[in-house]
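In what follows, a structure is listed as structure tokens, so that the remarks can point back to it.
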Amino acid sequence: MLHLSVSTVFFAEQHTTHAWWQRIRPRLTILYLAVALVLLLISGAGHLRLFNEIGKVFGGFTWTIDAASPNEPIVIISTPDQLPPFAIPVSSLTSNTHISAVNHVSGVAGIQQAYQHAHPQDIIIYTAQGNKTVPMTITRPAYLFTWNLWWQTFGLTFLAGLSWLIVGIVLLATASEWTGAVEGLTLLPPAMLLLLYSHWGNIQTATTPDFVVQMIWIPSFALLGAAFIHLSLTYRPIAMTTGRRPSWLVDGLPYAPLLLLMAYDWISLLSSGYVPIRTNIELSLGYAVFGGVVSLGIGIASILQILGIWPLHKRTSEGRISITIPRRIRHHLGDLLTLWIGGIGLGFCFGVLPILLTGQTLLPLSLFYILAAVYPLILLYAIRSLRLIARLHVTLDQREAALQEQQKTAQVLQKTNEELQQATSLLLHADAHLRSLLSQRIHDQPKQQALRIRSLLGYWQHKLRLEMERNADGKVVAPPIIEALSKVRKISEELERDLRGLQLLVEDAYQRRSLGLKLHLEKLIREDLPLLHTESLLEIQPDLWALDALNPELEQSEEGEKIAEAISYTVTQALLNIYNHAGASYATVRTVCRDNILSVEIADDGHGFDVTAIPPEKTSIFKADLKVRAAHGTLHLESTPRPNPHHGTIIRLEIPLPPGAQIATPKQIQDHKEQQYT
């Protein structure tokens, strides 16, 4: 139940934030593309500078100038994997060795002069000195900077950075919520580090670290650490169970220390004209390591919460309540955290940590760059797959919720239907009771009164006629009285006939209960209806032998009463319609009992009508259908209008009989029928 409530809340919040995200996503994507274009232009400018160095002689390593040290000593950055290693270690936290002189000429002038006059394989003498160490002299041949060296050192970094940039754009442009946008935005710092690496390091011409290196490339390490924290906070289970918008605590706080770092860089740049490289790198890398450690800790805590080892609680106005993480969120987060923690761990162990300690990665740089280019593609495939799986889970949960809602609606409809059936049954019962009472009152009161009036009038008419014959002097004037009494008698006969018609209109339930169903229908067909329509030439042929199979006590039960009520009312109303509207000359009422199903068919050769053109609720057939349904039967109506052949109307009702309703088999009925005819 809690899982369903959490899912329902998630769906509601997701729907609420959907419109907001649809508005902000195009703008954010355009901004990302603009930043990507600027990064590509800046990276291209650095590579153009390197292209100018191709074909020139250099010492076999990339280097830069440490402007913060006296006499601007030279710092070694990296050595290509194709060339022999250099005895002077790359600058790192454990090594601060500088090249102080080249060919016995100190500073930048010495290295630049030596390279400009050297040829490949010429021996160049380097003088190096570190903190608290004596100077040392090292010889190394000169090499030619080729396209292959550029590709292995700088080209692969551009390819890797482009891969991260493209994957970030795809993830952002296809994100369905803010969490997906965070996944795309956090790929920007690695892309910056790889793309802007072209500005870091010299080949032959001495250039100090430019603005891009000091203010963008080196701070990108700190930006990477902030992205680690940002992503780990986003992947917390409590944050993934609800659709969220950007917030200061999750989306802003990890980047707040960068403001202090940028303030330090700008103050140093404005006051000294440069930013101390070593201090800048230590601060940026330090925050990158801090971000990786914090991210790893948050990720481990999230995994513990997913596994249920660390209970997840939420503070509300009612106190702390326990939150159950939906299964789809556990699977999604487990895969994402494994993917990101694995990537962070590998990148930290094989990249950042070795650079901090030794200045070199454990893997060859070219292989490290290839892995850096392939990893975002794997990341893209994994995240896209997880998004599809998450959407599938959401769709399944939504369909499950919709199914449960439909089940609730079906239960409500079923209950309403049962109540409606009960109400219909009560209405039909009340209708039958009222009509029975009306029929009885018509029989006991108006009809009996009309009969008494006719009898009395006949008596006095006869008596007055005798008096008139006896009295020869003519004192009794009988003809006017006789004429008046004749009119009164005629009126009483019409009143009796009208009352009988009224009794038939409401279906003479009183007579049916008194005579039984079969005798009632026979009297209805042979006497009542012909007396009511004396001017009609309609001939009705009844075939009611199947009713002989019914138990006489059937109508004593509630179910039998409904069956008799449905048959009597349907036959009565059908025959009245034939007399009044069909214009027929011949009609049949036929009953058949087969396989414990009683079938009654009323057919005529009248002019017929269009069944679909007459609203059922405006005919007596509608009420007959309700009564047949109440008896668990079915009513069929077929009509063929003139001038079509075989015109006429057929009404057929079929009612299943309850157990014990039949006391004779169809064969016994047939034998009895043949005996009656013979």
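Position 1 is the first residue of the sequence; numbering continues from there.
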Taking every heavy atom of A574 against every heavy atom of I651, the minimum-distance pair comes out as CB-CD1, 3.8 Å
Tell me, please, which residues at least two apart from S585 pass side-chain hydrogen bond (donor to acceptor under 3.5 Å, both in side chains). D605
Would the distance check show the side chain of T591 and the main-chain N or O of D543 forming a donor-acceptor pair, the cut-off being under 3.5 Å? yes
With the side chain counted from C-beta on, respond yes when P658 and I563 share a heavy-atom pair under 4.5 Å apart, and no when they do not. yes
Just wondering, do E559 and H632 contact through their side chains at under 4.5 Å, heavy atoms? yes
Work out which heavy atom in R27 is nearest to a heavy atom in R23; give both atom names and the distance. NE-O, 3.6 Å
Roughly how far apart are L653 CG and T634 OG1, rounded to 0.5 Å? 8.0 Å
Ignoring hydrogens and geometry, is there a side-chain-to-backbone donor-acceptor pair from T588 to R590 under 3.5 Å? no
Roughly how far, to the nearest 0.5 Å, is the CG atom of D604 from the CD1 atom of I578? 4.0 Å
Could you check whether atom CG of L537 has more than 12 heavy atoms from other residues, nucleotides or ligands sitting under 6.0 Å from it? no
With a 4.5 Å limit on heavy-atom distance, are the side chains of E522 and L544 in contact? yes
Hey, are the side chains of L575 and V589 touching, using non-hydrogen atoms and a 4.5 Å cut-off? yes
Do L517 and L521 make a side-chain contact, defined as non-hydrogen atoms from C-beta onward lying under 4.5 Å apart? yes
dist T640:OG1 -> H646:NE2 (nearest 0.5 Å) comes out at 9.0 Å
Do you know the tightest heavy-atom contact between L598 and A546? CD1-CB, 4.3 Å
Taking the side chain as everything from C-beta on, heavy atoms only, tell me whether D548 gets closer than 4.5 Å to W545. yes
Under the side chain to side chain contact (heavy atoms under 4.5 Å, CB included) rule, what do W21 and R245 come out as? Steps first, then yes or no, please. CA-CA 9 Å; W21 175 242; R245 293 191 178 190; over 6 Å; no
Rounded distance [0.5 Å steps], OG1 in T572 versus OH in Y569: 9.0 Å
Please verify the inter-ring angle class for H533 with Y579; under 30° counts as parallel, over 60° as perpendicular, anything in between as tilted. parallel
Distance from D625 atom CG to K627 atom NZ, nearest 0.5 Å? 12.0 Å
Under 3.5 Å, is there a donor-acceptor pair between the side chain of S568 and the main chain of A564? no
Examine distances only and state if a side-chain atom of N644 and a backbone atom of P641 form a donor-acceptor pair shorter than 3.5 Å. yes
Mind checking what makes side-chain hydrogen bond (donor to acceptor under 3.5 Å, both in side chains) contact with T649, not counting sequence neighbours? S639
Using side chain to side chain contact (heavy atoms under 4.5 Å, CB included), reason through T570 and L635 one step at a time and then give a plain yes or no. CA-CA 9 Å; T570 304; L635 184 69; 4.2 Å; yes
Examine distances only and state if a side-chain atom of N417 and a backbone atom of L413 form a donor-acceptor pair shorter than 3.5 Å. no
Shortest non-hydrogen separation from C593 to L657 and the atoms involved: SG-CD1, 3.9 Å
Looking only at heavy atoms, which two atoms of G583 and R642 are closest? And how far apart? O-NH2, 4.0 Å
Do side-chain atoms of H647 reach the backbone of G606 as a donor and acceptor pair under 3.5 angstrom? yes
Any idea which heavy atoms bring S557 and G560 closest together, and the distance? OG-N, 3.1 Å
State the CD-CD distance between Q407 and E400, to the nearest 0.5 angstrom. 9.5 Å
